[in-house]
Amino acid sequence: MEVLNDNSCSWVNDLSPRNNIVTLSSDIECEWLIVGAGYTGLSAARKLGQLYPNQKILLVDAQLAGEGASSRNSGYLVDTTLNDGFNSNKEFDNYKKKADIYKLGIDVIKKFIKEYQVDCDWNECGKYFASSKQEDRKILENFSDTLSKLGFEHNLLSNKELKKRLGTNFYNIALHTKGGILLHPGKLVRAMIDTLPENVNLYENSSLLNWKKKNSTVICKFKNGSIKTKKIIFATNGFLKSLGIKSNYNFPITLTASMTRSLTKEEFASIGEPKEWGVLPVRPMGATIRMTRDRRILIRNTAEVFNPYQMSKSELTKRSFKQKIGIKKRFPELPDDIIQSSWSGIVSRTRNSSQIFEKIDDNIFVAGCYNGSGIGVGTLFGEQIAIKASNENTKEIEIIEARNKPTWLPPDPILSLGVRARLIYERLRAKSEI
């Protein structure tokens, strides 16, 4: 099936349209094929192009490259995440393994933007885990203990300080971590497209219909052509399950977000002219909020089991209304009609919030399922799965493979019913935070 995304993502619309789009329209053979041109696929293609400058490398995406989840996220390059288990010593060890992966992800993005002189609105301002509920202080205090053990610089803040920093009186307690980075995801992923090696051929708007392995060759059938390849890397993240890849270990979740127009000088002054900031929720189904450097407010406060291939305009409008309410709760002094665009996007989740990174056959490899942390981790996994597929090893691969592996999931309809029930439960718990 084709992926039909809305065309109203602010991050994408900030960029100039590309005019070098090539769609697969014939039968081709190659040494390497990467399916999925988001952070992971682009990173894998770049690394393979460097390793094998004389080999034919194809990169194919069902949409325009980088315009799926990679440019539709909230633009957080995370050093830590809150919604993981970290109470027992065993869980602490697992959390440390995840934090080590996040650090590698930040390092690989830093290396890329330095090497190619990328302007992606990089801001090392940290991030806030915030809540309007004072009773969430205990959650943040426990998290603070974990961060202290790991050596992360952070501090707890109360309502008065948060009002000064964020321009809203909504939040009563927050934990600020200094290692998080905010950026423009559209600008970053566009730079990855523009810097692909010359021996990487990119085909876009080319949906993979089916694939099979025959002897030592993988045969992929697309809408208007086919590709025979010696080695393949699947980097489709939220669409892994639909391609039959690790289907009992991952599932897609649909998110929607909205962004306002730039606030006027008067509107910005009315909320105290805060510097750029980003808030993540303490509770899993709470709202993610950002104030961008150009005075726009982004909000993401929905997560649901939904058809991952398309969302109708009417369905998107319903979710945009929820986001309008979320903004109004935090900034009642701002006008009602400031949302400029709304969009949907797909993330991939596993049962235990771990990632997929493995060889699933002699010449078939997969990386994905970033549980909402795809900018750094996705880029890291793309680079490293290319190296793994080359039968090489690195210290980064050793760190990645030391993580907990994704746990098994039941088949549908049991899985979908279970996920829906859990989302409803978490949504009720976080009702005041939406």
Using the ring of each side chain (for Trp, its six-membered ring), is Phe234 parallel, tilted or perpendicular to Trp211, with breaks at 30° and 60°?
tilted

Trp277 to Leu166 - nearest heavy-atom pair and separation:
NE1-O, 3.2 Å

Judged by atom type as modelled, is there a donor-acceptor pair below 3.5 Å linking the side chain of His176 to the main-chain atoms of Cys125?
yes

Trace of the salt bridge (charged side-chain N to carboxylate O under 4.0 Å, His left out) decision for Lys164 with Glu161
CA-CA 5 Å; Lys164 287 196 300 184; Glu161 181 64 25; 3.5 Å; yes

Start with the C-alpha gap between Asn404 and Asn352, add the side-chain angles, then the distance that decides, and say whether side chain to side chain donor-acceptor pair (under 3.5 Å) holds.
CA-CA 8 Å; Asn404 274 9; Asn352 62 343; over 6 Å; no

Does Glu276 form a side chain to side chain donor-acceptor pair (under 3.5 Å) with Thr292? I'd like the steps, not just the answer.
CA-CA 5 Å; Glu276 182 178 15; Thr292 68; over 6 Å; no

Measure across Ser390 and Trp32 and return the closest heavy-atom pair with its distance rounded to 0.1 Å.
OG-CH2, 4.1 Å

Any sub-3.5 Å donor-acceptor pair from Arg351's side-chain atoms to Trp408's backbone N or O?
yes

Is there a side-chain contact (heavy atoms from CB on, under 4.5 Å) between Arg283 and Lys133 once you walk through the steps?
CA-CA 10 Å; Arg283 297 178 181 267; Lys133 291 181 171 293; 4.2 Å; yes

Within the side chain of Arg403, is there an N or O that forms a donor-acceptor pair under 3.5 Å with the backbone of Ile400?
yes

Go through Val366 and Ile233 one step at a time and tell me if the side-chain contact (heavy atoms from CB on, under 4.5 Å) criterion holds.
CA-CA 5 Å; Val366 58; Ile233 294 173; over 6 Å; no

Might you work through the side-chain contact (heavy atoms from CB on, under 4.5 Å) test for Leu263 and Ile271, ending with a clear yes or no?
CA-CA 10 Å; Leu263 302 183; Ile271 63 171; 3.8 Å; yes

Please work out whether the ring planes of Phe381 and Tyr370 are parallel, tilted or perpendicular, with thresholds of 30° and 60°.
perpendicular

Looking only at side-chain N and O atoms, does Ser131 offer a donor or acceptor that is under 3.5 Å from a partner on Asn172?
no

Are there over 12 heavy-atom neighbours, none belonging to Glu153, within less than 6.0 Å of that residue's CD?
no

Residues two or more places apart in sequence or in another chain: which of them pass ring pair (Phe, Tyr, Trp, His ring centres under 6.0 Å) with His184?
Trp11

Contact summary for Lys359 and Lys388, nearest pair of heavy atoms
N-CE, 3.9 Å

So does Arg261 have more than 12 non-hydrogen atoms from other groups sitting under 6.0 Å from CZ?
yes

For Lys275 and Met291, work out which heavy atoms get closest and say how close.
O-CG, 4.5 Å

Pairing of Asp100 and Lys96 as salt bridge, 4.0 angstrom limit:
yes

Could you tell me whether a side-chain N or O of Arg427 sits under 3.5 Å from a main-chain N or O of Ala303, the two making a donor and an acceptor?
yes

Would you check if the side chain of Ser206 reaches a backbone N or O of Leu24 as a donor-acceptor pair within less than 3.5 Å?
yes

Check whether more than 12 heavy atoms from other residues, nucleotides or ligands sit under 6.0 Å from atom CZ of Arg18, and answer yes or no.
yes

Scan Ser258, Ser8, Ser320, Ser10 and name whichever one has a side-chain hydrogen bond (donor to acceptor under 3.5 Å, both in side chains) with Ser341.
Ser10

Starting from the C-alpha separation in whole Å, work towards a yes-or-no answer on side chain to side chain donor-acceptor pair (under 3.5 Å) for Glu204 and Thr23.
CA-CA 5 Å; Glu204 302 171 79; Thr23 300; over 6 Å; no

Just wondering, are more than 12 heavy atoms of other shown residues or ligands nearer than 6.0 Å to OH in Tyr116?
yes

Crowding at CG, Asp107 (>12 non-hydrogen neighbours, <6.0 Å):
yes

Among Ile57, Leu59, Val22, Leu58, side-chain contact (heavy atoms from CB on, under 4.5 Å) partner for Asn201:
Leu58

Stepwise side chain to side chain donor-acceptor pair (under 3.5 Å) check, Tyr76 with Arg290:
CA-CA 9 Å; Tyr76 289 74; Arg290 266 193 70 177; 5.5 Å; no

Out of Lys127, Lys103, Lys178, which one pairs with Asp79 under the salt bridge (Lys or Arg N to Asp or Glu O under 4.0 Å) rule?
Lys127

Heavy-atom count check: over 12 atoms from other residues, nucleotides or ligands less than 6.0 Å from Lys328 NZ?
yes

Greater than 12 external heavy atoms within 6.0 Å of Glu115's CD:
yes

Lys97, NZ: over 12 other non-hydrogen atoms inside 6.0 angstrom
yes

Output, in order, the C-alpha distance, side-chain angles, deciding distance and verdict of salt bridge (charged side-chain N to carboxylate O under 4.0 Å, His left out) for Lys187 and Asp121.
CA-CA 8 Å; Lys187 290 181 179 180; Asp121 298 347; 3.2 Å; yes

Residues Thr81 and Tyr102: side-chain donor-acceptor under 3.5 angstrom:
yes

Of the non-hydrogen atoms in Gln323 and Ile299, which two are nearest, and what is the gap between them?
CB-CG2, 3.6 Å

Taking only residues two or more places apart in sequence or in another chain, which ones pass side chain to side chain contact (heavy atoms under 4.5 Å, CB included) with Val108?
Thr379, Leu380, Glu383

Tested for side-chain contact (heavy atoms from CB on, under 4.5 Å) against Ile253, the lone hit among Thr302, Ile346, Val419, Asn371 is Val419

For Asn237 and Asn250, the nearest pair of non-hydrogen atoms, with its separation, is O-OD1, 4.4 Å

Any donor-acceptor N/O pair, Thr229 side chain to Lys231 backbone, under 3.5 Å:
yes

Looking only at atom types and distance, does a side-chain atom of Thr40 sit under 3.5 Å from a main-chain N or O of Gly378, one as donor and one as acceptor?
yes

Answer yes or no on whether Arg165 is positioned over the face of Tyr128, meaning its NZ or CZ is under 6.0 Å from the six-membered ring centre and within 45° of the axis.
no

Would you please classify the geometry between the Phe239 ring and the Tyr309 ring as parallel, tilted or perpendicular, with 30° and 60° separating the classes?
tilted

Could you tell me whether the side chain of Ser132 and the main chain of Tyr171 form a donor-acceptor pair under 3.5 Å?
no

Looking only at atom types and distance, does a side-chain atom of Ser144 sit under 3.5 Å from a main-chain N or O of Leu140, one as donor and one as acceptor?
no

